[in-house]
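One structure is given below, encoded as structure tokens.
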Amino acid sequence: VSRPKPGEWEEGNSNNGNKWTTLEHKGPLFPPEYEPLPNNVSFFYNGNPVKLTLPAEEVATFYAKMLDHEYTTKSSFQENFFTDWREEMSVEEREQIKKLSKCDFTHINKYFLDKSEEKKAMTKEQKQVLKEENNKLTEEYGFCELDGHREKIGNFRVEPPGLFRGRGEHPKMGKLKKRIQPEEITINCSKGSNIPVAPKGHRWRKVQHDNTVTWLASWVENVQGNFKYVMLNPSSKLKGEKDWQKYEVARKLKLKVETIRRLYREDWKNREMKTRQRGVALYFIDKLALRAGNEKEESETADTVGCCSLRVEHITLHQEKGGQEFMVEFDFLGKDSIRYYNEVPVEGRVFKNLKLFMENKEPEDDLFDRINTTYLNKHLNQSMPGLTAKVFRTFNASTTLQEQLNKLTTGYLEEKLLSYNRANRAVAILCNHQRAAPKTFEKSMQNLQDKVAQKQQQLDVARKELKDAKKEHKRGGTERTRKLVEKKEAVVKRLEEQLKKLQLQMTDREENKVIALGTSKLNYLDPRISVAWCRKFNVPIEKIYNKTQRDKFAWAIDMTEEDFQF
DNA sequence: CCACCCACTTAGAAGTAGTGAG
DNA sequence: CTCACTACTTCTAAGTGGGTGG
């Protein structure tokens with residue numbers, strides 16, 4: 001399939017706001033109907049088995065499946081679940097079941113555990129059959145036709161019902177996420193196309209033909225009232241083009257950033273408080289890659305903040321700390337309730353301004369009380385069309401990667417990769433990308449450690465053997481002893497190499513404990529930087545991007561620009 | 001302005017498949 | 001061949017930011 005190259009995208013259909021001309025798809029795929037529990041599996045209340053009505057039973061299974069999850073130990077999860085569960089009960093059930101503490105889901109839990117064991121224990125052939133069935137569904141529902149191209153859909157399945165799992169201290173955790181009916185779903189496709197057929201006995205909420213948006217189907221989720229969309233996979237032209245544009249905006253910022261920095265530094269001395277706050281907020285966003293920090297609905301969501309929504313309690317000023325002047329200590333929960341902790345030396349003027357912003361305020365007051373993200377973005381847009389707060393993250397992340405990669409040395413492939421990963425981790429640290437340490441982390445480190453020890457031992461033995469061989473050769477040098485020395489030398493060399501590689505691998509793993517090298521960084525790093533680096537240092541692209549990533553970045557991997565610089 | 005609506009990107013966790021050592 | 005572990009994929013929550021209308 002021939003596609004326009006990124007350079008040609010600009011002139012393409014981006015001007016008029018239309019996202020496509022034709023769009024045809026099969027509609028989203030619904031999760032299977034609820035399968036009632038067999039009669040020998042019981043829910044117990046107050047020690048007695050209780051046969052639940054189907055709707056109540058289904059919700060009970062959601063909880064039962066999560067019994068060994070930390071969520072179920074949290075009181076707000078329990079309370080939210082119980083309240084919503086009771087809504088699904090019959091009058092009689094509601095009368096009978098009044099306390100979660102008297103509910104016993106362990107039998108149901110065991111039933112599902114056994115079931116998953118059974119599934120694991122299936123024969124190869126049975127598993128193959130299941131896989132085939134799944135492939136068939138993906139083949140049928142997982143693709144659409146957009147402007148004559150067959151494109152992969154990102155999420156073609158309707159989200160199944162379950163219990164809401166918020167991140168952090170989410171006030172709505174445990175609430176029932178209801179089953180979505182076709183009657184709630186809006187379909188978006190082109191006028192003349194084959195309209196998706198709703199499941200038997202059902203109809204869609206609405207079928208529309210709006211080509212100014214990119215989604216194929218949408219519905220409103222009941223827990224928070226948010227919109228949910230079925231959209232294309234990142235490998236699609238539509239998403240790829242958008243991604244490319246994002247990096248082009250970031251590159252444009254690179255040309256302007258010095259001017260913008262000069263301007264916000266000027267703002268620090270402005271007589272208006274609002275302007276000063278704007279200047280300091282931008283400084284944080286630029287220097288620390290903080291997120292913009294939109295306001296969010298209190299008590300509806302976890303208490304997290306970004307730059308503009310920082311509160312006085314989130315920073316501590318130190319005139320002097322650790323031998324450095326004007327230190328600001330940040331401690332707050334950001335997106336996904338990931339903790340941001342940082343001690344940063346700032347310029348005297350910034351420090352003075354922060355003091356001013358905090359004067360006569362309570363800890364829970366906004367630090368930047370005169371500004372918000374809309375105001376900030378409007379201001380940024382005046383400096384450069386298309387510039388918003390989030391562009392700084394893309395710009396700073398990509399710039400950091402480029403700088404790190406520019407100072408690389410050569411060596412073994414493993415050494416190059418370690419350096420590459422380190423450059424990536426520098427970005428992850430900048431963006432505060434973290435993850436919970438994997439449960440098996442310590443163990444896997446130990447395994448590597450053991451491997452290293454084993455290799456070291458082999459090496460010791462080999463060295464000893466080499467020494468002996470050399471001795472023997474010295475005593476009476478023959479062709480045979482010379483060959484032996486050569487052979488032993490080769491063995492030692494090979495083992496040394498293997499040991500070194502193992503150690504490199506171990507270092508990499510260790511450094512990867514909490515600093516995520518997952519998918520997050522991919523959102524900020526212009527793939528052309530990495531592709532150019534691979535070419536320059538003769539590293540196969542598969543070593544740094546897996547299949548999914550290569551699909552996503554096909555537009556960059558195909559690029560002809562040999563010596564791309566961000 | 002502000003509140004709300006909507007569409008889209010970004011994010012870590014969870015789930016699954018593949019792989020390599022024993 | 002099996003099983004444990006890892007690497008990859010999927011899932012969906014949680015952000016950003018534009019628009020609109022009062």
- Message: Below the 4.0 Å mark, does B:dG18 have OP1 or OP2 next to a side-chain nitrogen or oxygen of A:Lys131?
- Response: yes

- Query: With a non-hydrogen cut-off below 4.0 angstrom, is A:Pro234 in contact with a base, only sugar-phosphate, or nothing?
  - Reply: nothing

- Query: A:Phe553 and A:Tyr545: aromatic ring centres closer than 6.0 Å?
  - Reply: yes

- Query: For C:dT16, does OP1 or OP2 lie under 4.0 Å from any side-chain N or O of A:Thr388?
  - Reply: no

- Just call it for A:Ala302: base, sugar-phosphate, or nothing, with non-hydrogen atoms closer than 4.0 Å on any strand. nothing

- Message: For a quick test of reading the model: is some side-chain N or O of A:Tyr524 closer than 4.0 Å to OP1 or OP2 of B:dT9?
- Response: no

- Item | side-chain N/O A:His433 vs B:dT10 OP1/OP2, d < 4.0 Å | no

- Query: Looking at A:Asn155, does any N or O in its side chain come under 4.0 Å of the phosphate oxygens OP1/OP2 on C:dC11?
  - Reply: no

- NA contact type, A:Gly166, heavy-atom cut-off 4.0 Å: base, sugar-phosphate, or nothing? sugar-phosphate

- Query: NA contact type, A:Asn546, heavy-atom cut-off 4.0 Å: base, sugar-phosphate, or nothing?
  - Reply: sugar-phosphate

- Message: Just to be sure I understand the rule, does A:Gly293 reach a base, reach only the sugar-phosphate, or reach nothing, if contact means heavy atoms closer than 4.0 Å?
- Response: sugar-phosphate

- Side-chain N or O of A:Asn523 closer than 4.0 Å to phosphate OP1/OP2 of B:dA11: yes

- Query: Given C:dG15, B:dC5, B:dG12, which nucleotide is nearest the side-chain atoms of A:Thr304?
  - Reply: C:dG15

- Task: Answer yes or no: does a side-chain N or O of A:Thr374 lie under 4.0 Å from OP1 or OP2 of C:dG17?
- Result: no

- Would you tell me if any nitrogen or oxygen in the side chain of A:His170 comes within less than 4.0 Å of OP1 or OP2 on C:dA14? yes

- Message: Under 4.0 Å from OP1 or OP2 of C:dA14: is there any side-chain N or O of A:Gln224 that close?
- Response: yes

- Message: So A:Lys177, base contact, sugar-phosphate only, or nothing? Heavy-atom distance under 4.0 Å.
- Response: sugar-phosphate

- Ignoring backbone atoms, test whether A:Arg167 places a side-chain nitrogen or oxygen under 4.0 Å from the OP1 or OP2 oxygen of C:dC11. no

- Message: Judged by each residue's nearest nucleotide on DNA chain B, which is more toward the 5′ side, A:Asn372 or A:Asn432?
- Response: A:Asn372

- Should A:Lys296 be listed as having a side-chain N or O under 4.0 Å from OP1 or OP2 of C:dA14? no

- Task: May I ask you to say what A:Thr214 touches in the nucleic acid, namely base, sugar-phosphate or nothing, with a heavy-atom cut-off under 4.0 Å?
- Result: sugar-phosphate

- Between C:dT12, C:dG17, B:dC8, which nucleotide has the shortest distance from any of its atoms to the side chain of A:Trp215? B:dC8

